[in-house]
A.B. asks: 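This is the structure, below, for whatever I ask next.
In listed order, ligands and their atoms are each counted from 1.
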Amino acid sequence: MFCNQCEQAFRGTGCNSQVGVCGKDADVQAVQELILYGLKGMAAYANHARRLGKTDAKVSAFIEDALFSTMTNVNFDLGSLVEIAMELGKQNLQVMKMLDEGHIEKFGKPSPATVQEGLKDGPGILITGHDMVDLWDLLEQVRGTNIRVYTHGEMLPAHMYPRLREHPNLAGHYGGAWQKQRSEFADFSGPVVATTNCILIPNGDYADRIFTTRYTAVPGGTRLQGNDFAPVIAKARTCRPLTATALRQSVVGFHRTTILDAAPTIIQAVKDGKISRFFVIGGCDGAEVGRNYFSDYAKATPADSFIMTLGCGKYRIREHDYGQLLGLPRLLDMGQCNDAYGAIAVAVALAEAFKCGVNDLPLTLVISWFEQKAVAVLLTLLSLGVKGITIGPNPPAFITPNVFALLQEKFDLRLPGKDAKTDLAKAMA
Ligand code: SF4
Ligand code: SF4
């Protein structure tokens, strides 16, 4: 363990053995970090929801309580800390629900949409991150000009909301997951607006074109504290115009509301044996080679199954043609990482329809994680009692072997095996 949060930190640097000076042991420290990281993720979602006018006093009170439990000399009891972590998962479900409702109220009920991917000649602005209020404000401020706005990374799902996609200045999408942004932003000749994570520290060759909003900031970039995008628009006027690239099309917008609209057909198809399984494969993407596990897994899924994906983990699996099932694409892009709420809502609706528990459904979750919002989502799934989730490519470094064993015992939490096909065969069995 490593803890340096109080004055009595060992030798003035940190408690780094199995037990700290205060008596806190490594497992307690691990669950306190699980709570802290989960709270960070939940706070990010709550922040997005608040910007859409959605708040919940109970959620805010819980954040205070849970933070309190991680202070020095407050809680040394592993069992009660695990309880707090599970409550965090429940509260995060409420936060994701508020965010889901906020997006729909502001931008309309999502529906499947074809997105143009690639650039056209002329002035343009790229916008990345998760904050669609920023996207809307930017679009409104370029309305009536010849400046095109392109989404990047986790902004791709913006195209499923009618109010956003009907905006005349929203031209399409450019680029993939966050880890490729250094080359993609260098190639994009206009300004780039980063609204949230995941933003990389920019190289010098494009740092002067990076603008960030509110709490997001990088060295060399320009931080906008309000919603006035005038500096970005001025930059778009002085930058070299974009050069057209090859165009391709993709389909997004299989939000929970779209899937639930098709529920009667889907339920009947399961009863008729036409659908063998539902997979949720997605979450965060990253640069490690081990993440090919997720693309291998998706490719190995049977032709009579659906894959629901979300988060930037979708970029890892969406290049493959999975074909169609029941007139729908087999790969259903549900949206951003926070749209994990939608995957949960679909699972709960299916369980109700079949009068069974979520764990009795032909449903397998294979989650790629990277940062702290994924921790909050994992705690939500565990708090609902969902078992048999595979999470990877690596286990969280802040979790001790004892705590991981506890989660394995209680929730059958799994790590990716050596071979995705073997793991998939086990799931199907
Ligand atoms: S809270 Fe405990 S473990 Fe952490 S630095 Fe203080 S004495 Fe060490
Ligand atoms: S899904 Fe995760 S890794 Fe991807 S941009 Fe969002 S927070 Fe970052």
Side-chain angles (χ1 to χ4, degrees), residues 1-33 36-38 40-45 47-48 68-76 81 96 99 127-132 151-158 173 175-181 184-185 192 194-200 215-216 280-288 291 294 309-318 333-341 343 367-378 391-394 396 398 400:
M1 68 180 257
F2 181 80
C3 180
N4 63 357
Q5 71 176 14
C6 84
E7 183 274 339
Q8 61 185 354
F10 184 62
R11 292 187 175 156
T13 55
C15 298
N16 60 1
S17 62
Q18 281 304 299
V19 181
V21 173
C22 63
K24 175 165 73 171
D25 70 29
D27 295 332
V28 165
Q29 167 72 2
V31 182
Q32 287 188 335
E33 288 186 344
L36 274 174
Y37 297 153
K40 285 190 192 188
M42 185 170 144
Y45 288 144
N47 181 270
H48 298 327
F68 189 24
S69 75
T70 69
M71 276 180 44
T72 304
N73 291 354
V74 172
N75 190 324
F76 297 97
L81 288 166
M96 290 195 293
L99 186 50
I127 182 164
T128 191
H130 303 75
D131 194 306
M132 294 194 203
T151 55
H152 176 271
E154 272 283 78
M155 279 287 176
L156 174 61
H173 182 84
W178 62 274
Q179 70 274 13
K180 293 184 178 160
Q181 63 184 239
E184 290 172 352
F185 292 178
V192 177
T195 63
T196 65
N197 56 338
C198 287
I199 175 76
L200 291 172
Y215 299 104
T216 308
V280 177
I281 306 177
C284 294
D285 201 9
E288 305 92 332
R291 288 186 187 267
F294 300 97
T309 192
L310 42 86
C312 71
K314 68 168 70 83
Y315 290 106
R316 180 78 38 179
I317 64 173
R318 72 177 197 147
D333 183 348
M334 297 192 78
Q336 294 182 327
C337 51
N338 48 283
D339 291 305
Y341 170 73
I367 307 297
S368 51
W369 84 285
F370 171 63
E371 47 77 91
Q372 293 93 67
K373 285 187 291 181
V375 176
V377 173
L378 176 66
I391 183 146
N394 298 305
F398 53 87
T400 55

A.B. asks: Mark up the atoms of ligand 2 that fall under 4.0 Å of a heavy atom belonging to Glu154, in ascending order.
C.D. replies: 1 (S), 5 (S), 6 (Fe)
A.B. asks: I need the nearest protein heavy-atom contact for atom 1 (S) of ligand 1: residue, atom name and distance, please.
C.D. replies: Thr72 OG1, 3.4 Å
A.B. asks: Any N/O/S atom, backbone or side chain, of Cys284 lying under 2.8 Å from atom 4 (Fe) of ligand 2?
C.D. replies: no
A.B. asks: Which of the atoms of ligand 1 are close to Gln8, meaning less than 4.0 Å from one of its heavy atoms?
C.D. replies: 7 (S)
A.B. asks: Within the side chain of His130, is there an N or O that forms a donor-acceptor pair under 3.5 Å with the backbone of Thr195?
C.D. replies: no
A.B. asks: Pull out every atom of ligand 2 sitting under 4.0 Å from any heavy atom of Glu371, numbered as shown with elements.
C.D. replies: 7 (S)
A.B. asks: Mind checking whether Glu7 contacts ligand 1 via backbone (N, CA, C, O), side chain (CB onward), both or neither, at a 4.0 Å heavy-atom cut-off?
C.D. replies: neither
A.B. asks: Do Lys373 and Gln336 come close enough that some side-chain heavy atom pair is under 4.5 Å?
C.D. replies: no
A.B. asks: With a 4.5 Å cut-off on side-chain heavy atoms, are Thr128 and Phe185 touching?
C.D. replies: yes
A.B. asks: Using a 4.5 Å cut-off on heavy atoms from C-beta on, say whether the side chain of Trp369 contacts that of Pro396.
C.D. replies: yes
A.B. asks: Are the side chains of Leu156 and Arg318 in contact, using a 4.5 Å heavy-atom criterion?
C.D. replies: yes
A.B. asks: Is any N, O or S atom of Cys6 under 2.8 Å away from atom 6 (Fe) of ligand 1?
C.D. replies: yes
A.B. asks: Once you measure the plane-to-plane angle for Phe398 and Tyr37, does it fall in the parallel (<30°), tilted (30-60°) or perpendicular (>60°) bin?
C.D. replies: perpendicular
A.B. asks: Indicate whether any N or O donor in one side chain lies under 3.5 Å from an N or O acceptor in the other, for His152 and Glu184.
C.D. replies: yes
A.B. asks: Identify, by atom number and element, the atoms of ligand 1 in contact range of Lys24, meaning under 4.0 Å from any of its heavy atoms.
C.D. replies: 3 (S)
A.B. asks: Would you check if atom 8 (Fe) of ligand 2 lies under 2.8 Å from any N, O or S atom of Cys198?
C.D. replies: yes
A.B. asks: Which ligand 2 atoms are under 4.0 Å away from a heavy-atom of Lys373?
C.D. replies: 7 (S)
A.B. asks: Can you check whether Thr196 reaches His48 side chain to side chain, under 4.5 Å on heavy atoms?
C.D. replies: yes
A.B. asks: Please list, in number order, the atoms of ligand 2 under 4.0 Å from a heavy atom of Trp178.
C.D. replies: 3 (S), 4 (Fe)
A.B. asks: What is the closest protein heavy atom to atom 5 (S) of ligand 1, and at what distance does it sit?
C.D. replies: Cys3 O, 3.3 Å
A.B. asks: What atoms in ligand 1 come closer than 4.0 Å to a heavy atom of Gly20?
C.D. replies: 3 (S)
A.B. asks: Could you check whether any side-chain heavy atom of Tyr45 comes within less than 4.5 Å of a side-chain heavy atom of Val377, counting everything from C-beta outward?
C.D. replies: yes
A.B. asks: Do Ser368 and Asp285 have side chains that get closer than 4.5 Å, going by heavy atoms?
C.D. replies: no
A.B. asks: Suppose I only count heavy atoms of Met1 and a 4.0 Å limit; which atoms of ligand 1 are within that range?
C.D. replies: 3 (S)
A.B. asks: So which heavy atom in the protein is nearest atom 8 (Fe) of ligand 1, and how far is it from that ligand atom?
C.D. replies: Cys15 SG, 2.3 Å
A.B. asks: Out of all atoms in ligand 1, which are within 4.0 Å of some heavy atom of Ala9? Include the element for each.
C.D. replies: 5 (S)
A.B. asks: Mark up the atoms of ligand 2 that fall under 4.0 Å of a heavy atom belonging to Phe370, in ascending order.
C.D. replies: 3 (S)
A.B. asks: If you have a sec, work out which protein heavy atom is nearest atom 6 (Fe) of ligand 2 and how many Å separate them, to one decimal?
C.D. replies: His130 NE2, 2.5 Å
A.B. asks: Considering only heavy atoms of Gln5, which atoms of ligand 1 have at least one such atom less than 4.0 Å away?
C.D. replies: 1 (S), 5 (S)
A.B. asks: Starting from atom 2 (Fe) of ligand 1, which protein heavy atom do you reach first, and at what distance in Å?
C.D. replies: Cys22 SG, 2.3 Å
A.B. asks: Quick one: are Phe10 and Cys15 in side-chain contact, heavy atoms under 4.5 Å?
C.D. replies: yes
A.B. asks: Please list the nearest protein heavy atom to atom 4 (Fe) of ligand 2 with its residue and the distance rounded to 0.1 Å.
C.D. replies: Cys312 SG, 2.3 Å
A.B. asks: To the nearest 0.5 angstrom, please state how far the CG atom of Asn394 sits from the CZ atom of Arg291.
C.D. replies: 8.0 Å
A.B. asks: Show the nearest heavy-atom pair for residues Cys6 and Thr72, with the distance to one decimal.
C.D. replies: CB-OG1, 3.4 Å
A.B. asks: Under 4.0 Å, heavy atoms only, figure out whether ligand 2 is touched by the backbone of Gln336, its side chain, both or neither.
C.D. replies: neither
